[in-house]
Amino acid sequence: DLYNHEYERLYDRYIQYDGNRGCRYRKEDWYLRAGTYYIRFTGAEGSYSFSLQFESAKEDFPESQTHPNEILSQAADINVDTKYAGLIGLDDEQDFYIFHMPFSGQINLSHYRYGGNSMKYSILDMEGNELEHFYDEYDSNKGYAHSVDTYSLEPGDYYLKINRRYSGDGAFYNFTINIKPNSCQIAQTKRNKSKASVKIEKQAGVTGYILQYSTTREFTKGLTKTKKSKSPNIKLTGLKKSQVYYVRAKTVKQWNGKIYYSEYGGISTMYY
């Protein structure tokens, strides 16, 4: 049996007889916060032995039994575009983080889990209400769980909550929140032989737009050209008169000395 510093039982397991070893044997992985724990052995008479090995979670915001991260007011302040590591333990129900969304756009939450229990990742508003949640899925070929989930947010502060999906043990995890401006669509195209005008769906607050036009729907390198513009209205020249062209666009946002790009929007066709 495993107990925490307040003598509350966290875990118990019966040790089965191992015919290959000629004794009862079991190996356990326990995910624990820093602190004091107690192990109790009970059962039939006889001698026993055990050993403990330690592997650090390398948490960016280390928790302990006396300094937990269990409620919103204890949330760790994090930055976007930065990788963080943490741990959900047997005596650790959930972790909270707070982050700032500087502009209207999307977050890409990339998260990994190593060993242990499946995790739930939730986006909360500043009142603690859940806006969206995601689960990780274990990949037996890779030996760990990894997912990338996307959600649209308005500017402001938000919480990220991480907790077990099921009751039981915990796990090591790490995550990164990347931000992108909202993507855009092609609103209209007008073609006149070797010239064309393209109107991109306007997005408020963006710095500019990037338009790609190509003679292949796959936008193959060498057959694709790119044009940058601060305006959503773009003129094209030098087109092949009897060639179909495909166009798509994405938005650009400059913030805090960095440039952010959206995903490309849908593909439109320009006929000759």
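Follow the hydrophobic side-chain contacts under 4.5 Å out from L131 and you reach M101 in the same cluster. Hydrophobic clustering (ILVMFWY, side-chain heavy atoms < 4.5 Å, transitive): F61 and I162 are in one cluster. Linking ILVMFWY residues whenever their side-chain heavy atoms come closer than 4.5 Å, directly or via other members, places L109 and Y84 in the same cluster. Tracing side-chain contacts under 4.5 Å through hydrophobic residues (I, L, V, M, F, W, Y), one never reaches Y31 starting from L2; they form parts of separate clusters. Each of I88 and L90 belongs to its own hydrophobic cluster when Ile, Leu, Val, Met, Phe, Trp and Tyr are linked at side-chain heavy-atom distances under 4.5 angstrom.
In this model, no donor atom of one side chain and acceptor atom of the other lie less than 3.5 Å apart for E55 and Q53. Using a 3.5 Å distance cut-off with no hydrogens or angles, the side chains of Y37 and D91 do pair a donor with an acceptor. At a cut-off of 3.5 Å, with distance as the only test, no side-chain donor of R33 or Q65 sits close to an acceptor on the other residue. For N79 and H100, the side-chain atoms include no donor-acceptor pair closer than 3.5 Å. A donor atom on one side chain and an acceptor atom on the other are not found under 3.5 Å apart for Q243 and Y272. Between the side chains of S231 and S229, no donor-acceptor pair is found at a separation under 3.5 Å. At a cut-off of 3.5 Å, with distance as the only test, no side-chain donor of Y97 or N69 sits close to an acceptor on the other residue. Checking D136 against S118 by side-chain atom types alone, a donor-acceptor pair falls below 3.5 Å. Between the side chains of Y11 and E28, at least one donor-acceptor pair of N or O atoms lies under 3.5 Å. In summary, the side chains of S110 and N178 do not present any donor paired with an acceptor at a separation below 3.5 Å, with no hydrogens or angles considered. Under 3.5 Å, the side chains of Y14 and R24 contain a donor-acceptor pair of N or O atoms. Side-chain atoms of T251 and S262 form a donor-acceptor pair, as typed in the model, at a separation below 3.5 Å.
Proximity of D1 to Y38: side-chain heavy atoms (C-beta onward) are nowhere separated by under 4.5 Å. I39 is listed as a side-chain neighbour of L52, based on a closest heavy-atom distance under 4.5 Å. Using a 4.5 Å heavy-atom cutoff, the side chains of D149 and H111 are in contact. Side-chain contact between F103 and L153 is absent, with no heavy-atom pair separated by less than 4.5 Å. Side-chain contact between T189 and V247 is present, with at least one heavy-atom pair separated by less than 4.5 Å.
Between the side chain of K227 and the backbone N or O of I234 there is no donor-acceptor pair closer than 3.5 Å. No donor-acceptor pair under 3.5 Å is formed between the side chain of E8 and the backbone N or O of N4. In this structure, the side chain of E59 engages the main chain of L87 through a donor-acceptor pair within 3.5 Å. Using a distance-only test at 3.5 Å, with no hydrogens or angles considered, no donor-acceptor pair links the side chain of T220 to the main chain of L223. A donor-acceptor pair is defined here as one N or O able to donate and one able to accept, closer than 3.5 Å; no such pair exists between the side chain of T269 and the backbone of Y246. R217 places no side-chain N or O within donor-acceptor distance of the main-chain N or O of F219, the cut-off being under 3.5 Å. Side-chain atoms of Q185 do not come within 3.5 Å of backbone N or O of G265 as any donor-acceptor pair. Checking side-chain atoms of Q106 against main-chain N and O of K180 turns up no donor-acceptor pair under 3.5 Å. A donor-acceptor contact shorter than 3.5 Å is absent between the side chain of K161 and the backbone of H133. In this structure a side-chain-to-backbone donor-acceptor pair under 3.5 Å is missing from N192 to K195.
Within 6.0 Å of atom CD in E127, 12 or fewer heavy atoms from other residues, nucleotides or ligands are found, so the atom counts as exposed in its surroundings. In this structure, K225 places its NZ atom where only 12 or fewer heavy-atom neighbours from other residues, nucleotides or ligands lie under 6.0 Å away.
In this structure, Y114 and Y144 have tilted ring planes: the angle between them lies in the 30° to 60° band.
In plain terms, the two heavy atoms of L211 and L236 that are nearest each other are CD2-CD2, 4.0 Å. The shortest non-hydrogen separation linking D125 to Y159 is O-CD1, 3.3 Å. The shortest heavy-atom contact between S183 and Q203 is O-NE2, 3.2 Å. Between D60 and A85 the shortest heavy-atom distance is OD2-N, 2.6 Å. The nearest pair of heavy atoms linking Y260 to I179 is CD2-O, 3.3 Å. Here the closest non-hydrogen pair linking P232 and Y209 is N-CE1, 3.7 Å.
Centroid-to-centroid, the aromatic rings of Y245 and Y271 stay 6.0 Å apart or farther. If you look at Y121 and F175, their ring centroids are not closer than 6.0 Å. In this structure, F50 has its ring center closer than 6.0 angstrom to the ring center of F41.
Salt bridge D81/K258: present, at least one basic N to carboxylate O contact under 4.0 Å. Comment: K120 engages E130 in a salt bridge, judged by a side-chain N to carboxylate O separation of less than 4.0 angstrom. A salt bridge links R164 with E93; the closest basic N to acidic carboxylate O contact falls under 4.0 Å. The residues E137 and R113 are annotated as not salt-bridged, no charged nitrogen and carboxylate oxygen being separated by less than 4.0 angstrom.
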Could you check L239 against Y213 for side chain to side chain contact (heavy atoms under 4.5 Å, CB included), going step by step and ending with a plain yes or no?
CA-CA 10 Å; L239 304 178; Y213 57 105; 3.8 Å; yes
Test side chain to side chain contact (heavy atoms under 4.5 Å, CB included) on L160 and I123 and set out the steps.
CA-CA 5 Å; L160 171 65; I123 306 299; 4.0 Å; yes
Would S152 and N182 satisfy side chain to side chain donor-acceptor pair (under 3.5 Å), going step by step from the backbone distance to the final call?
CA-CA 8 Å; S152 296; N182 290 318; 4.5 Å; no
Evaluate side chain to side chain contact (heavy atoms under 4.5 Å, CB included) for E63 paired with D92, printing each intermediate quantity in order.
CA-CA 9 Å; E63 292 183 85; D92 180 13; 3.1 Å; yes
After noting the C-alpha distance and the side-chain angles of D95 and Y173, does the key distance pass the side chain to side chain contact (heavy atoms under 4.5 Å, CB included) rule?
CA-CA 11 Å; D95 290 343; Y173 66 82; 2.7 Å; yes
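The distance from the OG atom of S147 to the CE atom of M119 is 12.5 Å, given to the nearest 0.5 Å. In this structure, NE2 on H5 lies 8.0 Å from OG1 on T36, to the nearest 0.5 angstrom. Note that OH of Y166 and OH of Y135 are 8.0 Å apart. Values are rounded to the nearest 0.5 Å. The distance from atom CD1 of I210 to atom CZ of R248, rounded to the nearest 0.5 Å, is 11.0 Å. Between the NZ atom in K83 and the OH atom in Y112 there is a gap of 6.5 Å [rounded to 0.5 Å]. Residue S214 holds its OG atom at 10.5 Å from CE of M270, rounded to the nearest 0.5 Å.
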